[in-house]
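Just so it is clear: chains get the letters A, B, ... in the order the sequence lines come, proteins before strands, and each one is counted from 1.
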There are 2 protein chains.
Amino acid sequence: MRKEAIERRNEILDAADELFGQKGFDGTSTNDILEKVGIARGTLYYHFKSKEDIMDALIDRYNTQILGAANGIAADKSIAVHERIVRVVMALNISGGNGKEIIDHIHKPQNALMHQKIQKVIINGLPPILTEIIREGIEQGLFSTPYPYECMEMIVAYTNTVFDDDMVDLTDEERAARIPAFIFNVERLLGVESGSLMYMMKMFGSGGEENRNNS
Amino acid sequence: MRKEAIERRNEILDAADELFGQKGFDGTSTNDILEKVGIARGTLYYHFKSKEDIMDALIDRYNTQILGAANGIAADKSIAVHERIVRVVMALNISGGNGKEIIDHIHKPQNALMHQKIQKVIINGLPPILTEIIREGIEQGLFSTPYPYECMEMIVAYTNTVFDDDMVDLTDEERAARIPAFIFNVERLLGVESGSLMYMMKMFGSGGEENRNNS
DNA sequence: TTTTATCGACAGACAGTCGGTCTATTAAGG
DNA sequence: CCTTAATAGACCGACTGTCTGTCGATAAAA
């Protein structure tokens with residue numbers, strides 16, 4: 001029954017990940033985690049100093065997964081700027097095959113704290129990545145703004161809040177109506193002609209459930 | 001010691017308001033509230049069905065205070081559009097003399113859930129109010145956008161996230177640098193000439209602590 | 001032998017419940 | 001008009017079950 005610390009740690013994180021996703025952070029007791037992993041209380045507190053510590057470790061994992069994939073794509077200068085933006089954004093949905101589940105976890109109303117912490121990761125981590133691409137685009141004459149970072153920050157903040165979040169309760173039609181408006185606004189922010197970023201529609205999936213995440 | 005239900009309810013809410021502000025929602029026990037009000041457990045659960053129910057009632061209060069003031073100003077067509085926008089926004093800081101304290105409460109990291117719930121009130125409640133003013137401005141030829149609502153939504157989402165929140169940790173200089181960039185972006189969104197909205201700087205207070213809230 | 005991982009009993013705190021009490025008001029009876 | 005009984009709303013506090021985090025003991029590995 002004895003294992004390497006790192007292995008145990010990951011077992012615990014895996015269990016917590018699933019349980020938090022099902023029942024939320026507050027709704028999950030440490031006993032639930034103990035049972036699922038098959039260890040005793042003391043063991044859990046040997047590996048983690050508190051329940052919140054487990055959540056923080058989980059967020060670190062997400063952080064690495066989500067931003068790692070985005071960073072990889074952003075650095076690949078062989079891809080054209082427009083295409084790269086789309087791919088970076090879309091990578092957030094599917095990085096490691098579970099980005100989407102992560103996002104779904106977070107949206108349980110019970111998980112306000114975890115949600116907040118992940119939002120923080122994204123709002124701080126994503127704009128720098130996107131800004132670099134935008135700067136390239138500016139050099140190539142594709143975009144025109146004196147404030148690329150703040151533009152990206154605004155866009156990410158918006159999509160996080162309105163599209164990724166349950167902050168605004170949108171029907172499918174309302175959501176669909178927001179998309180061209182959003183693209184129009186992005187065009188203005190980036191100083192390009194109206195209609196020239198319409199190709200970005202594809203970031204929002206084909207409808208249904210895919211479009212939950214796009215920041 | 002016997003009181004009208006509504007009076008007791010408000011006593012409890014007042015106490016909870018202060019305690020949540022000091023120690024956060026999770027950090028405040030129902031016993032703390034009991035002590036502060038000077039009532040017994042049963043009494044509290046006679047008036048509220050759960051601890052979270054107390055928070056929800058508190059948020060209703062905030063909601064009324066915050067949006068009520070904003071609505072009042074927005075409806076006053078005797079004030080010029082530009083000025084009215086500034087006043088609506090600034091009213092959020094000081095409505096009822098305690099808007100600022102409300103905002104400060106919410107920013108305690110312990111209060112993630114309350115924070116989220118108030119953000120929801122703002123992101124859903126404020127854009128409609130502002131949109132009406134913008135529409136007036138469009139009729140007067142002051143602004144030009146086919147999507148006034150989505151513009152406001154974007155602006156509110158951004159200020160909520162970046163300026164009002166601790167999502168992005170800004171030094172004073174970083175904060176100061178964000179302001180002209182923000183105004184520039186708003187100008188683009190509203191389709192006005194660069195520099196013409198600079199008067200909005202005043203919404204961000206004189207620096208220091210005043211500028212915590214501006215959405 | 002020392003370090004690393006594990007165990008499970010336990011303490012302390014807390015949210016919510018429940019049966020019962022107290023009191024003001026109203027209704028009935030004298 | 002006064003007294004007494006009934007009713008309902010406000011209140012009480014002991015109690016229950018649950019949960020988190022601690023600690024000393026123990027076993028396995030190094």
Side-chain angles (χ1 to χ4, degrees), chain A residues 1-59 105 108-114 116-117, chain B residues 1-60 105 108-117:
Chain A
M1 289 297 152
R2 197 186 154 86
K3 306 217 174 147
E4 286 292 310
I6 305 167
E7 194 180 348
R8 252 297 124 77
R9 245 183 95 90
N10 276 319
E11 279 181 24
I12 294 170
L13 288 178
D14 289 340
D17 191 13
E18 193 173 331
L19 288 168
F20 289 171
Q22 287 165 9
K23 319 203 280 179
F25 178 75
D26 287 338
T28 302
S29 73
T30 49
N31 280 320
D32 293 336
I33 301 174
L34 301 183
E35 248 175 69
K36 181 144 196 158
V37 182
I39 54 173
R41 286 199 82 62
T43 307
L44 187 138
Y45 282 90
Y46 174 75
H47 293 282
F48 294 93
K49 74 179 234 295
S50 71
K51 195 183 165 191
E52 185 164 352
D53 192 37
I54 297 175
M55 185 179 62
D56 287 337
L58 225 36
I59 289 174
H105 284 191
K108 309 254 166 180
Q110 305 105 333
N111 291 10
L113 186 56
M114 183 159 33
Q116 204 182 50
K117 289 186 176 183
Chain B
M1 289 299 150
R2 198 187 154 84
K3 308 220 174 143
E4 287 291 309
I6 306 167
E7 196 180 346
R8 251 298 124 75
R9 244 184 95 90
N10 276 319
E11 279 183 25
I12 294 170
L13 287 178
D14 290 340
D17 192 14
E18 194 172 331
L19 288 168
F20 290 171
Q22 287 165 8
K23 320 202 279 180
F25 179 75
D26 287 339
T28 302
S29 74
T30 49
N31 280 320
D32 292 337
I33 301 174
L34 266 26
E35 248 175 70
K36 181 143 196 159
V37 182
I39 56 173
R41 283 196 86 58
T43 307
L44 188 135
Y45 283 91
Y46 174 75
H47 293 281
F48 295 92
K49 76 179 232 297
S50 71
K51 195 183 164 192
E52 184 164 353
D53 192 36
I54 297 176
M55 185 179 61
D56 288 337
L58 225 36
I59 289 174
D60 267 359
H105 283 193
K108 310 253 167 181
Q110 304 105 333
N111 292 10
L113 185 56
M114 185 161 30
H115 186 272
Q116 204 183 50
K117 288 186 176 183

Drop me the distance from [X]'s [atom1] to [Y]'s [atom2], to the nearest 0.5 angstrom.
X        : Y       : atom1 : atom2 : value
A:Ile12  : A:Leu34 : CD1   : CG    : 8.5 Å
A:Leu113 : A:Asp26 : CG    : CG    : 8.5 Å
A:Thr28  : A:Glu18 : OG1   : CD    : 10.5 Å
B:Leu19  : B:Lys36 : CG    : NZ    : 5.0 Å
B:Ile6   : B:Leu13 : CD1   : CG    : 12.0 Å

Atom-to-atom span, [atom1] of [X] to [atom2] of [N] - whole angstrom:
X       : N      : atom1 : atom2 : answer
B:Ile54 : C:dA15 : CD1   : P     : 9 Å
B:Ile6  : D:dG9  : CD1   : C1'   : 13 Å
B:Asn31 : C:dA15 : CG    : P     : 7 Å
B:Lys23 : C:dA13 : NZ    : P     : 13 Å
A:Ile12 : C:dC7  : CD1   : C1'   : 13 Å
A:Asp26 : D:dC19 : CG    : C1'   : 12 Å
B:Ile33 : D:dC11 : CD1   : P     : 16 Å
B:Glu52 : C:dG16 : CD    : P     : 9 Å

Counting N and O atoms only, with roles assigned by atom type, does the side chain of B:Asp53 sit under 3.5 Å from a partner on the main chain of B:Lys49, one being a donor and the other an acceptor?
->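 It does hold such a pair.
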
Within the distance-only criterion (no hydrogens, no angle test), does the side chain of B:Asn10 pair as donor or acceptor with the backbone N or O of B:Glu7 below 3.5 angstrom?
->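 Looks like no, no N/O pair under 3.5 Å.
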
Residue A:Arg2, side-chain heavy atoms: nucleotide from C:dC14, D:dA29, D:dG21 that is nearest |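 Between C:dC14, D:dA29, D:dG21, the one nearest the side chain of A:Arg2 would be D:dA29.
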
Strand-adjacent residues in residues 39-50 of chain B, judged by heavy atoms under 4.0 Å from DNA chain D |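 Those residues are B:Ile39, B:Ala40, B:Arg41, B:Gly42, B:Thr43, B:Tyr46, B:His47.
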
Ignoring hydrogens and angles, are the base of C:dT6 and the side chain of A:Arg8 linked by a donor-acceptor pair under 3.5 Å?
->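 Side chain to base: no pair below 3.5 Å.
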
So, is A:Thr30 near the phosphate of D:dT20, with a side-chain N or O under 4.0 Å from OP1 or OP2?
->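 Answer yes for this pair, as a side-chain N or O of A:Thr30 is under 4.0 Å from OP1 or OP2.
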
